[in-house]
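Keep in mind the model is a prediction, meaning the values are calculated, not measured. Position 1 is the first residue of the sequence, and the numbers go up from there.
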Amino acid sequence: MPGAFYVTTPIYYPNAPPHIGHAYTTVYADVLARYHRLMGHETFYLTGTDEHGLKLQRAAERAGRHPKELVDEMAGVYKRYWAQLDISYDRFIRTTDPDHEELVKWALEEMRRRGYIYKGRYSGWYCVDCEKFYSEGEYRVVEGRPYCPIHMKPLEWVEEETYYFKLSSFEGSLRRILPERVYPEYYAREILGKIDKEGLRDVSISRPRERVWWGIPIPWDPGHTTYVWFDALLNYLTGAGLLRDRGRFERLWPAAHHVIGKDILWFHTVIWFSMLEALEIPPPRRVVVHGFLVNRGLKMGKSTGNVIMIEDLLGHYKTSDGVRYVLMRVFNLGKDVDVSLELFDSIYNSDLADNLGNLVRRVSTLAIRRLGGRVENRGVDGRLEGAVERALEEYHSSMERLDVSQAIQAIMAALREANAYINETKPWEKSDPTEELYTLLEAIRASANALQVVIPRAAQRTAEALGFKLAPPQPGLGGQEAYTVRDSPILFRKVK
Ligand code: MSP
């Protein structure tokens, strides 16, 4: 088997249901996973929920329930959303899973044995929504009080005994490895700049049990609970099978791709890479960072009140493919993307309904009317073949660069050429339009093979209607001997 691919999403806090910001990350990782499976790589896709910590403890208290009851219910909610979006994860990990708790305890013991953990006192300003301490200069001051710059809520003053992790030991190696492990690379420069400015201070990795009891106890001192981020980051090792399936871990880990939003970059680079080094495990292949979905200029989020929910889009487009497509079409690793229902509708209508849907409908109708559905290979018309070839090349090179949006646009451009080719060649006027229709069917087949990682249902429906089997997109048209077109589907209905 050529190569392996291990892709992860952040594990989400299950204090609220996911919105399209979470779907943005999850669908993207899904497309990468589907692409690598299609190319024959051993692929493992991990997603899940981050279930411990003060945020969940408080959410449960407010609801008058035990946190475990709450997270059990919410893990089910996440799974249902991901099923509705056809997310093909291999494991849904929960930080309350027994193999994960075992791994966290093992990791803490290992780090302590190697001298990277010590006891001390901590004081600082904490944001429960971020589950994070803020230093002076990072927080905002509103009416003389420190506020979280993200949630714009007052921070809490914390002063207590804690265990520290010796982050300061890892500065040299971080400077070396960050540029080659963070993608796009300028996010690495951003982090290096922050290290230059602020230096690296040791981090607190536990909370006293009387304040935060909902979490994994520090194995040698159960009066302390493991800090939720320390616990959460380790999920990537549990998921790869470090303690339970060493062979799988050895194959997957060098191919690990952590997809994250830019909000959690510091944790996934500075903290995570240092934790790994303390465990003598190499860093992941790449941390793949994307910008935010914003709405009216602000990061989309529950607290901002500008959120578009997954069910809004599912109800609107009626198919998971529509939702997956519009999210991936706007996907951007470098920039925040301002989205609205109007923008999504215009993408859906022009790409899916007018371009792809229309082409499949026209070609299948012509094949049935003019040739009784039977279209043989009597040569491929070079005029369209070149455009499809170029599109496939660009599709693959974009996927290799992890640029899903560009990959999609390359195929859409070829489909537009195909629509123009029908208008030019007018197969309905020809006495025998076999060559034109065969060439068009081949173009559709190549496009469906490429797009199946984004819109799996429509690709399958197209294959059934036109009579071909989905396969990895290969260069070169003319591979299918003949088509038996069965019906002419309306893949996507225009929305208003
Ligand atoms: N539990 C932590 C992650 C631990 S990973 C070891 C966490 N969870 S979260 O529920 O807050 O989800 C954060 C992730 O959701 C972001 O990093 C990002 O991937 C995604 N997004 C949430 N809102 C988003 C937008 N508005 N836009 C794009 N992505 C967004 O942090």
Side-chain angles (χ1 to χ4, degrees), residues 9-31 34 47-49 59 70 73-89 92 129 150-151 259-263 290-332 335-357 404-405 408 412 451 453-458 461 490-496:
T9 70
I11 45 173
Y12 303 108
Y13 292 126
N15 60 317
H19 55 67
I20 66 164
H22 306 104
Y24 189 62
T25 312
T26 310
V27 172
Y28 175 67
D30 187 62
V31 171
R34 283 175 185 265
T47 190
T49 37
L70 186 72
E73 185 181 300
M74 289 304 290
V77 169
Y78 272 73
K79 285 183 186 168
R80 276 198 295 284
Y81 274 102
W82 299 153
Q84 284 182 320
L85 289 178
D86 294 317
I87 302 301
S88 64
Y89 57 76
F92 187 98
D129 283 318
I150 293 175
H151 295 94
V259 176
I260 61 162
K262 65 181 184 183
D263 49 339
H290 63 72
F292 295 144
L293 288 185
V294 298
N295 188 230
R296 285 168 273 133
L298 291 174
K299 179 185 175 198
M300 198 179 281
K302 205 134 190 249
S303 42
T304 332
N306 59 350
V307 83
I308 300 177
M309 296 301 285
I310 295 167
E311 53 270 36
D312 296 339
L313 293 187
L314 274 170
H316 196 48
Y317 300 128
K318 308 282 189 284
T319 80
S320 53
D321 282 355
V323 185
R324 293 169 61 96
Y325 186 86
V326 297
L327 289 175
M328 290 305 98
R329 176 64 183 72
V330 301
F331 194 89
N332 201 309
K335 292 193 198 108
D336 291 351
V337 196
D338 213 314
V339 294
S340 61
L341 283 176
E342 293 73 35
L343 174 71
F344 286 145
D345 281 357
S346 76
I347 291 172
Y348 175 95
N349 282 336
S350 69
D351 286 6
L352 294 181
D354 292 344
N355 193 17
L356 171 63
V404 168
S405 177
I408 290 175
M412 279 297 150
L451 290 176
V453 299
V454 184
I455 46 171
R457 286 171 190 257
R461 178 83 183 84
I490 297 175
L491 294 175
F492 298 98
R493 269 179 210 286
K494 244 180 140 128
V495 293
K496 294 221 177 55

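Of the possible donor and acceptor atoms, one in the side chain of Lys318 sits under 3.5 Å from a partner among the backbone N and O of Gly315. With hydrogens and angles ignored, the 3.5 Å screen pairs no side-chain donor or acceptor of Asp336 with any backbone N or O of Val294. A distance-only check finds a donor-acceptor pair linking the side chain of Asp321 to the backbone of Ala458 [under 3.5 Å]. Put simply, the side chain of Asp312 gets close to the backbone of Met309: a donor and an acceptor are under 3.5 Å apart. The backbone N or O of Val339 sits less than 3.5 Å from a side-chain atom of Asn295, completing a donor-acceptor pair. Put simply, the side chain of Asn349 never gets that close to the backbone of Lys494: no donor and acceptor are under 3.5 Å apart. Formation of a donor-acceptor pair under 3.5 Å by the Asn306 side chain with backbone atoms of Leu298 is found in this model. Put simply, the side chain of Ser405 gets close to the backbone of Arg329: a donor and an acceptor are under 3.5 Å apart. Formation of a donor-acceptor pair under 3.5 Å by the Tyr12 side chain with backbone atoms of Thr47 is not found in this model. A donor-acceptor pair under 3.5 Å is formed between the side chain of Arg324 and the backbone N or O of Val453.
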Arg296 vs Asp338, salt bridge (charged side-chain N to carboxylate O under 4.0 Å, His left out): CA-CA, chis, key distance, verdict: CA-CA 7 Å; Arg296 285 168 273 133; Asp338 213 314; over 6 Å; no

Evaluate side-chain contact (heavy atoms from CB on, under 4.5 Å) for Val337 paired with Phe292, printing each intermediate quantity in order. CA-CA 6 Å; Val337 196; Phe292 295 144; over 6 Å; no

side-chain contact (heavy atoms from CB on, under 4.5 Å) evaluation trace for Tyr24 with His290: CA-CA 9 Å; Tyr24 189 62; His290 63 72; 3.6 Å; yes

Do Val259 and Thr9 pass the side-chain contact (heavy atoms from CB on, under 4.5 Å) test, and can you show the C-alpha distance, the side-chain angles, and the key distance before you say yes or no? CA-CA 5 Å; Val259 176; Thr9 70; 5.5 Å; no

Determine, stepwise, if the pair Glu311 / Tyr81 fulfils side-chain contact (heavy atoms from CB on, under 4.5 Å). CA-CA 9 Å; Glu311 53 270 36; Tyr81 274 102; 2.9 Å; yes

Please report the C-alpha distance between Tyr325 and Tyr348 in whole Å, then the side-chain angles of each, then the deciding distance to 0.1 Å, and finally whether the ring pair (Phe, Tyr, Trp, His ring centres under 6.0 Å) criterion is met. CA-CA 8 Å; Tyr325 186 86; Tyr348 175 95; 8.4 Å; no

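Counting only heavy atoms from C-beta outward, the side chains of Ile150 and Asp129 never approach each other to under 4.5 Å. In this structure the side chain of Thr25 never reaches within 4.5 angstrom of the side chain of Ile260, judged on heavy atoms.
Residues meeting the ring pair (Phe, Tyr, Trp, His ring centres under 6.0 Å) test with Tyr13, sequence neighbours left out: none. Listed by chain and number, the residues in a ring pair (Phe, Tyr, Trp, His ring centres under 6.0 Å) with Tyr28 are Phe331 (sequence neighbours excluded).
The two residues Val27 and Leu85 have their closest heavy-atom pair at CG2-CD1, 4.3 Å. In this structure, Met74 and Asn15 approach most closely via the heavy-atom pair CE-C, 4.4 Å. The heavy-atom pair separating Lys335 from Asn332 by the smallest distance is N-OD1, 3.0 Å. Closest heavy-atom contact between Gly301 and Val307: O-CB, 4.0 Å. The minimum heavy-atom distance between Leu356 and Leu491, with the atom names listed, is CG-CD1, 4.4 Å. Closest heavy-atom contact between Pro17 and Val77: CB-CG1, 4.2 Å.
Here Leu293 contributes atom CG and Ile308 contributes atom CD1; the two are 8.0 Å apart, rounded to the nearest 0.5 Å. Atom CE in Met328 sits 9.0 Å away from atom CG in Asp30 (nearest 0.5 Å). Going from atom OG1 of Thr26 over to atom CD1 of Ile310 covers 7.5 Å, rounded to the nearest 0.5 Å. Taking NZ of Lys262 as the reference point, atom NZ of Lys299 lies at 9.5 Å (rounded to 0.5 Å). Separating the CD1 atom in Ile455 from the OG1 atom in Thr319 is a distance of 8.5 Å, to the nearest 0.5 Å.
Salt bridge annotation for Asp345-Lys496: absent, with no cationic side-chain nitrogen under 4.0 angstrom from a carboxylate oxygen.
The aromatic rings of His22 and Tyr78 sit perpendicular, their planes meeting at an angle over 60°, well past the 30° parallel limit.
When ring centroids are compared, Tyr89 and Phe92 come within the 6.0 Å threshold.
Side-chain contact annotation: Arg457 with Ser320, donor-acceptor N/O pair under 3.5 Å present.
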